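In the text below, chain A, chain B and the rest are named by the order of the sequence lines, each starting its count at 1. On a predicted model such as this, the values are computed, not experimentally measured, just so you know.
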There are 2 protein chains.
Amino acid sequence: MVMERPVQKRTLETRARLIAAAEAAVARTGFEALRVEEIVLAAGVAKGTFFAHFKDKDALMDLLIGSRIDAHLDAIETAPAPRSPEDLVDRLMPLMTFMTCERYVFDVILRRSGAAAIEDIGPIARTFERYVRVVSTWIAGSTFRRDVPPDILAEGVQAFAIQVMALRFCALHVGDGLREPLLTFLDAWLCPRVRPSD
Amino acid sequence: MVMERPVQKRTLETRARLIAAAEAAVARTGFEALRVEEIVLAAGVAKGTFFAHFKDKDALMDLLIGSRIDAHLDAIETAPAPRSPEDLVDRLMPLMTFMTCERYVFDVILRRSGAAAIEDIGPIARTFERYVRVVSTWIAGSTFRRDVPPDILAEGVQAFAIQVMALRFCALHVGDGLREPLLTFLDAWLCPRVRPSD
DNA sequence: CAACAGATATGACCACGGTCAATTAAGGAG
DNA sequence: CTCCTTAATTGACCGTGGTCATATCTGTTG
């Protein structure tokens, strides 16, 4: 007879130990310096066990980074509709600051923001959908332009945010903050001031 | 006495052989499957020699991919100003198709599009500047909106192009072409139709 | 309880990018 | 031509992510 076995308690414990060890290591040395070896040693399991729980190192990163992004979204999603592009930028700033805390983190985010197959859509990819949903809702309740649907506008906001973050790691533009350039784009995107005769 | 020695002929030959071997391998199996070992064997040099010529594997990829992007830009830069967003999309399509020919290629492009230090700005990063310059020139000669400077508009075009290409590798949107979604964005970006009273 | 089946864990092993002290070639000076 | 300095090349070696056949554990069934 076919028996569907529930996940063993042991499994959850091991997984929790791995994640805890990883978080601790990140807190100590940041994301980039994280080594699978290090996690496995701290968690007291064999290397192979790590890969029984996570498809690869990126999958763990996805989880850790994704949960931080989610925390940022939790903090802002219930905010009222922004009154201006400045408002919008203010809300997005903490998230963007986190996303650019390390070059490596930003790379992982880009790599994981879209998944090749439905079955391996990871936490980060989900946060990207959520991001668009949140921003779209804000825009729907705002006084920004109405000639384009809110979800398209929201995707545009995401595109500009990524553009600006990428610029931050570019030698030519380093030192420029995130805020000012993003504001330039969002102002033009959300509040176009073309003359009607044009 | 201080003698500045010119680069030896041998060096150029070795470098040329490495690049030729790499190009041949790419033609055979694509970018992703490229192995340093393979290149080095085909070129008849030791592994260490490879890294004497290229900082790392990514640097070679940067070169190969960058030169292809440049070829695409060569082909379109002298075109006259686009009359419509459709026109603009048409011109950008071949380049975008190349950039998304392999997931790995797109990843390299993203990773290399900005350089951490001035001294290691690579070919791809340069093509990104060139891209913006070309599009900016087009826009300056077009009938698109005038309330935002052409170079900002051009950077926006780049941001949307990247957004759309990223979407292409996303399971949820696979199958959507590049053209239609990009057109949606560029229409809203370049030809906003807000009512003056808004 | 014993026997069993499937889920978990193990660690030796591999693939591949990258390093570096040692070696060899190039070509100018005498 | 020989000597000498610097550039170029070599390949054994390393770090790290990832695999997989084997061993162990767990909960179930009779």
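Regarding B/Glu37, its CD atom lies at a distance of 13 Å from the P atom of C/dG18, rounded to whole Å. Across the protein-nucleic acid pair, A/Glu32 atom CD and D/dG15 atom P stand 18 Å apart, rounded to whole Å. Atom-to-atom, CD of B/Glu38 to C1' of C/dC16 comes out at 12 Å; the value is rounded to the nearest Å. One can place CZ of A/Arg17 at 14 Å from C1' of C/dT10, the figure rounded to the nearest angstrom. One can place NZ of A/Lys57 at 8 Å from C1' of D/dT16, the figure rounded to the nearest angstrom. Rounded to an integer number of Å, the gap from A/Phe54 CZ to D/dT19 C1' is 18 Å. Note: CD (A/Gln8) to P (D/dC25) measures 12 Å, nearest angstrom. The NE2-P distance, from A/His53 to D/dG18, rounds to 16 Å in whole Å.
Formation of a donor-acceptor pair under 3.5 Å by the B/Asp87 side chain with backbone atoms of B/Arg83 is found in this model. Between the A/Thr100 side chain and the A/Thr97 main chain, a donor and an acceptor come within less than 3.5 Å of each other. One N or O on the side chain of B/Gln163 and one on the backbone of A/Glu155 form a donor-acceptor pair closer than 3.5 Å.
Of the side-chain N and O atoms in B/Thr14, one or more sit less than 4.0 angstrom from OP1 or OP2 of D/dT9. Proximity of B/Arg35 to the phosphate of C/dC16: a side-chain N or O atom is located under 4.0 Å from OP1 or OP2. At D/dG11, none of the side-chain N or O atoms of B/Lys47 fall inside 4.0 Å of OP1 or OP2 (strictly under the cut-off).
At the heavy-atom level, B/Leu34 lies under 4.0 Å from the strands shown only through sugar-phosphate atoms. Among the heavy atoms of the strands, none lies under 4.0 Å from A/Leu60.
Checking C/dT10, C/dG17, D/dG18 against the side-chain heavy atoms of B/Val36 singles out C/dG17 as nearest. For A/Ala46, counting side-chain heavy atoms from C-beta on, the closest listed nucleotide (C/dT10, C/dT19, D/dG11) is C/dT10.
Take the nearest nucleotide of DNA chain D for B/Thr49 and for A/Lys55: the residue whose nucleotide is more 5' is B/Thr49. Nearest-nucleotide positions on DNA chain C for B/Phe50 and B/Arg10 put B/Phe50 closer to the 5' end.
Heavy atoms of other residues, nucleotides or ligands lying less than 6.0 angstrom from CD of B/Glu180 number 12 at most.
For the pair A/Arg145 and A/Trp189, the cation sits on the ring face: its NZ or CZ lies under 6.0 Å from the ring centre, inside 45° of the axis.
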